[in-house]
Amino acid sequence: MNRVENQLKRRAGELGFDDCRITSAAAPETADRLQAWLDEGCHGEMAWLGRNAHKRADPALVLENARSIVTLATAYSDHSGRRGGSGASPSPAPPKRPVGLVARYAQFADYHDVLAEKLRALTAFLDDAGAAESRSLWYVDTGPLLERDLAQRAGIGFIGKHTNLISRRLGNWIFLSEIITTVDLQPDAAEDNHCGTCARCLAACPTGAIDRPFHLDARRCISYLTIELKGSIPEELRPAIGNRIYGCDDCLEACPWNRFAREGKQMKAVARPDLDQPALLELLELDQPAFKARFKGTPMIRTKRRGVLRNVCVALGNIADASALSALQRAAEDPEPLIAEHARWAIERIHARHSPGPT
């Protein structure tokens, strides 16, 4: 490996990235799987995945004359003592203070913002170290690249049966980012799959969204339902959501490779412990200004008040007792129809669960 690659990786470490590997800008060998998945409709309402599928299949359409892609991993495992993540299953909440579960990655400042400055710096370093007139673009979960496929080819990790990337050094708790560049860099060796016969992630999925190894139907995934879906959550899936109000970590949490997870260098400083099991009734009372103040700078702001409070209502319907009914009655009169609808459903669920049976 020549001097540029070594300097680049050393600089990435100095900037706080937990791994840095290189692959070519050739089309991912697995690109055809994306189109098949889209043709099945498994992307649900995420129409943007279909609109730029041709670019994802060919990095040359993202950056003309691209030669290399630098892939970067940022760990967000938390060994500080906070519970972190949504756990293997929703635990019963104390009836007087029902709490919600937030996916581990969202219990920090928004990683897009946290990583942006470091990616700009690393991209500038690469362009300075590369050939004259080199050009590079950086992305953090924002560009039309098959980032998990590229990360496996670069040796960051391997795509597990749950369709997420697993690092043998960092476990499942990693953010991916990339720099696509015209600089010709020596690629690293690809990573092999190391799932073996393990299928714990499939068994852990509460809704059966991982319907077979290496295949996810996003339309049933709790992360999709609580984050990406803009409308009403299908009633038949609401009970399985439990008290999750933003995302789900169950398939990630179940993976045995997490025994190698390390606390991330960059993310620890921007942890949001207030998002570890937040009180549901407090969240339900948030008006728009209070919602923006509470979630400003976190990933949860993108789901907006209507989406988060929709999820809060579902969680209360699943775990709360009659003490939550007055708050839900107020939510049922919210001017936002999505919140009101899910509040009415929650009220019906609580009444059904706590009404006296036949004598």
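For clarity, every value in this text was computed on a predicted model and none was experimentally measured. Values reported hereafter were calculated over all heavy atoms of this structure, with side chains retained and with hydrogens, waters and symmetry mates removed.
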Between [X] (side chain) and [Y] (backbone), is there a donor-acceptor pair under 3.5 Å?
| X | Y | result |
| --- | --- | --- |
| Asp249 | Arg104 | yes |
| Asp211 | Leu216 | no |
| Lys161 | Gly196 | yes |
| Asp188 | Ile22 | yes |

#### Entry: Atom pair CZ (Arg3) and CD (Gln7), whose distance is rounded to the nearest 0.5 Å
4.5 Å
### Message
Let me confirm one number: the NE2-CD1 distance from His215 to Ile210, rounded to the nearest 0.5 Å.
### Response
11.5 Å
### Message
Going by side-chain hydrogen bond (donor to acceptor under 3.5 Å, both in side chains), name the residues that satisfy it together with Tyr105, two or more places apart in sequence or in a different chain.
### Response
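Partners of Tyr105 under the side-chain hydrogen bond (donor to acceptor under 3.5 Å, both in side chains) test: none.
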Any side-chain heavy atom of [X] within less than 4.5 Å of one from [Y]?
| X | Y | answer |
| --- | --- | --- |
| Ser24 | Ile69 | no |
| Leu146 | Leu34 | yes |
| Pro256 | Cys198 | yes |
| Val70 | Ser68 | no |
| Phe291 | Ile301 | yes |

### Task
Give every residue pair that meets the salt bridge (Lys or Arg N to Asp or Glu O under 4.0 Å) criterion with at least one member in residues 222-238, sequence neighbours excluded.
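Sorted pair list: Glu228-Arg302, Arg238-Glu341.
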### Task
Test Glu191 against every option in Arg168, Arg153, Arg21 by the side chain to side chain donor-acceptor pair (under 3.5 Å) rule and name the one that passes.
Arg168
### Task
Before giving the answer on ring-ring contact (aromatic ring centres under 6.0 Å, His included), spell out for Tyr111 and Tyr76 the whole-Å C-alpha distance, their side-chain angles and the decisive distance to 0.1 Å.
CA-CA 10 Å; Tyr111 65 96; Tyr76 64 91; 8.1 Å; no
### Query
Is Phe17 linked to Val270 within one hydrophobic cluster, defined over Ile, Leu, Val, Met, Phe, Trp and Tyr using a side-chain heavy-atom separation of less than 4.5 Å?
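Linked within one cluster.
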For a quick test of your reading: what N or O donor-acceptor pairs under 3.5 Å do the side chains of residues 56-65 make, sequence neighbours left out?
| residue | atom | partner | partner atom | Å |
| --- | --- | --- | --- | --- |
| Arg56 | NE | Asn52 | OD1 | 2.8 |
| Arg56 | NH1 | Leu145 | O | 3.3 |
| Asp58 | OD1 | Ala60 | N | 3.1 |

### Message
Please tell me whether His342 and Asn311 have a donor and an acceptor in their side chains that are separated by less than 3.5 angstrom.
### Response
no
### Query
Just checking, is any N or O donor in the side chain of Thr182 or Arg67 under 3.5 Å from an acceptor N or O on the other one?
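There is no such pair between these side chains.
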### Task
Take atom CZ of Arg169 as the centre, draw a 6.0 Å sphere, and report whether it contains more than 12 heavy atoms from other residues, nucleotides or ligands.
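Check passes, neighbour count above 12.
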